[in-house]
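These notes are about the structure you will find just below.
FYI, side chains are in, hydrogens and waters are out, and symmetry mates aren't considered; it's all heavy atoms of this structure. This one's a predicted model, so the numbers in the text were calculated from it and none came from an experiment. Along the sequence shown, residues are numbered consecutively beginning with 1.
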Amino acid sequence: EQVEVEIGQVWDLASSGPKDYNAEGVEPALEGEFAANGAKVKTAFEVYKEHVARYTPEWAAEICGLTADQIRHVALEMGEAASIGSTTVVDGVEVPHRPVAIMAYHVAQQELGFQALRSAVMVEMLLGAIGAVGGQQTDFKWSIHKNYEKFGDIAVKDPPYNIYLKDSKFFPINSNNSSVVAKVMLDPDKYGVDYIP
């Protein structure tokens with residue numbers, strides 16, 4: 001059964017019911033399933049956890065070229081580096097301090113770059129690092145960056161590709177990233193590049 005929930009509501013543990021997230025004295029539930037008007041409702045975090053549960057480090061290891069243990073190691077390091085709960089003072093105001101961020105400009109310039117960036121931003125959200133001191137910064141002007149216009153004119157070519165992978169299915173929007181060149185030189189056949197080391 002569908003239950004209408006207003007945007008900005010949380011499940012309040014103090015009153016055992018839905019409340020506005022910024023209501024006085026609210027104790028929001030992070031996880032759980034609750035009964036509301038004869039139907040079951042879940043917190044957004046609970047729904048998120050259920051959705052991503054199938055995407056294990058073992059699943060990702062088959063795709064990204066890292067082992068499951070390496071993925072767990074990176075996740076642990078990010079969690080520790082985020083210093084969740086720490087604060088700092090800026091201009092006399094105590095604010096959250098989350099010294100962890102992801103540099104992903106070049107990640108966006110590949111076939112599934114947008115989805116990769118969405119995943120990265122979700123990790124930063126879970127760490128509480130979006131817009132926090134030391135954390136992930138976003139464009140607060142809410143304007144479309146000029147580089148995004150290029151996505152409307154992508155023309156992916158057939159191999160053989162050049163050593164920068166420009167116009168390839170791997171890297172359709174390209175800025176001649178030297179790390180890409182190094183990867184291609186190590187395994188040109190994998191990337192459809194006609195290059196002899």
Side-chain angles (χ1 to χ4, degrees), residues 10-11 13 21 28-34 40-88 96-139 145 147-148 151 154 156 159 161 163-165 168-175 177-193:
V10 295
W11 188 265
L13 295 171
Y21 76 97
L30 179 62
E31 302 172 277
E33 184 176 288
F34 307 94
K40 292 181 179 178
V41 294
K42 298 177 183 179
T43 66
F45 183 63
E46 189 71 35
V47 173
Y48 180 78
K49 276 190 349 181
E50 291 172 6
H51 176 72
V52 299
R54 62 185 163 188
Y55 303 114
T56 64
E58 286 74 18
W59 171 87
E62 296 290 324
I63 299 167
C64 71
L66 297 173
T67 67
D69 285 343
Q70 289 171 321
I71 293 168
R72 285 187 181 90
H73 181 77
V74 169
L76 182 62
E77 281 192 343
M78 284 189 72
E80 290 171 351
S83 303
I84 295 172
S86 68
T87 59
T88 190
H97 182 228
R98 302 289 179 273
V100 63
I102 298 170
M103 172 52 184
Y105 179 79
H106 290 288
V107 172
Q109 299 173 347
Q110 59 175 313
E111 186 179 15
L112 298 175
F114 180 78
Q115 299 303 338
L117 286 179
R118 277 188 4 155
S119 297
V121 167
M122 286 181 199
V123 169
E124 291 291 316
M125 289 172 70
L126 289 171
L127 295 171
I130 300 290
V133 174
Q136 201 75 33
Q137 297 301 309
T138 58
D139 184 357
H145 191 279
N147 286 354
Y148 282 98
F151 282 110
I154 290 176
V156 177
Y161 301 125
I163 202 160
Y164 294 103
L165 299 182
S168 73
K169 66 179 182 179
F170 303 104
F171 213 174
I173 295 179
N174 189 283
S175 58
N177 183 343
S178 56
S179 65
V180 169
V181 174
K183 257 187 121 153
V184 172
M185 289 173 72
L186 291 172
D187 193 356
D189 291 338
K190 177 180 178 180
Y191 298 100
V193 172

Which residues pass the side chain to side chain contact (heavy atoms under 4.5 Å, CB included) test with [X], not counting sequence neighbours?
| X | value |
| --- | --- |
| Lys49 | Glu31, Phe45, Glu46 |
| Ala81 | Val100 |
| Thr87 | Glu94 |

Which side-chain N or O atoms in residues 112-131 pair as donor and acceptor under 3.5 Å with protein atoms at least two apart or in another chain?
unit_1 : atom_1 : unit_2 : atom_2 : d
Gln115 : OE1    : Arg118 : NE     : 3.2
Ser119 : OG     : Gln115 : O      : 3.2

Q: May I have the step-by-step check of side chain to side chain contact (heavy atoms under 4.5 Å, CB included) for Gln136 and Arg98, ending in yes or no?
A: CA-CA 9 Å; Gln136 201 75 33; Arg98 302 289 179 273; over 6 Å; no

Could you state the interatomic distance from [atom1] ([X]) to [atom2] ([Y]), rounded to the nearest 0.5 Å?
| X | Y | atom1 | atom2 | result |
| --- | --- | --- | --- | --- |
| Leu76 | Asp69 | CG | CG | 12.0 Å |
| Ile71 | Trp59 | CD1 | CH2 | 9.0 Å |
| Tyr161 | Lys169 | OH | NZ | 6.0 Å |

**Q.** Intermediate values then yes/no, side chain to side chain contact (heavy atoms under 4.5 Å, CB included), Tyr164 and Val180
**A.** CA-CA 6 Å; Tyr164 294 103; Val180 169; 5.7 Å; no

Q.
Filter on side-chain hydrogen bond (donor to acceptor under 3.5 Å, both in side chains), then keep only pairs touching residues 181-193, sequence neighbours left out; what's left?
A. none

Q.
Check Glu58 with Arg72, please: is the shortest side-chain N to carboxylate O separation under 4.0 Å?
A. yes

Closest heavy-atom pair and its distance - [X], [Y]:
| X | Y | result |
| --- | --- | --- |
| Ala68 | Ala61 | N-CB, 3.7 Å |
| Ala29 | Thr43 | O-CG2, 3.4 Å |
| Gly192 | Pro159 | O-CB, 3.7 Å |

Q: Look only at the side chain of Glu80 and the backbone of Glu77, and say whether a donor-acceptor pair between them is shorter than 3.5 Å.
A: no

Q: Enumerate the residue pairs fulfilling ring-ring contact (aromatic ring centres under 6.0 Å, His included) with a member in residues 65-88, sequence neighbours excluded, ordered by first and then second residue.
A: none

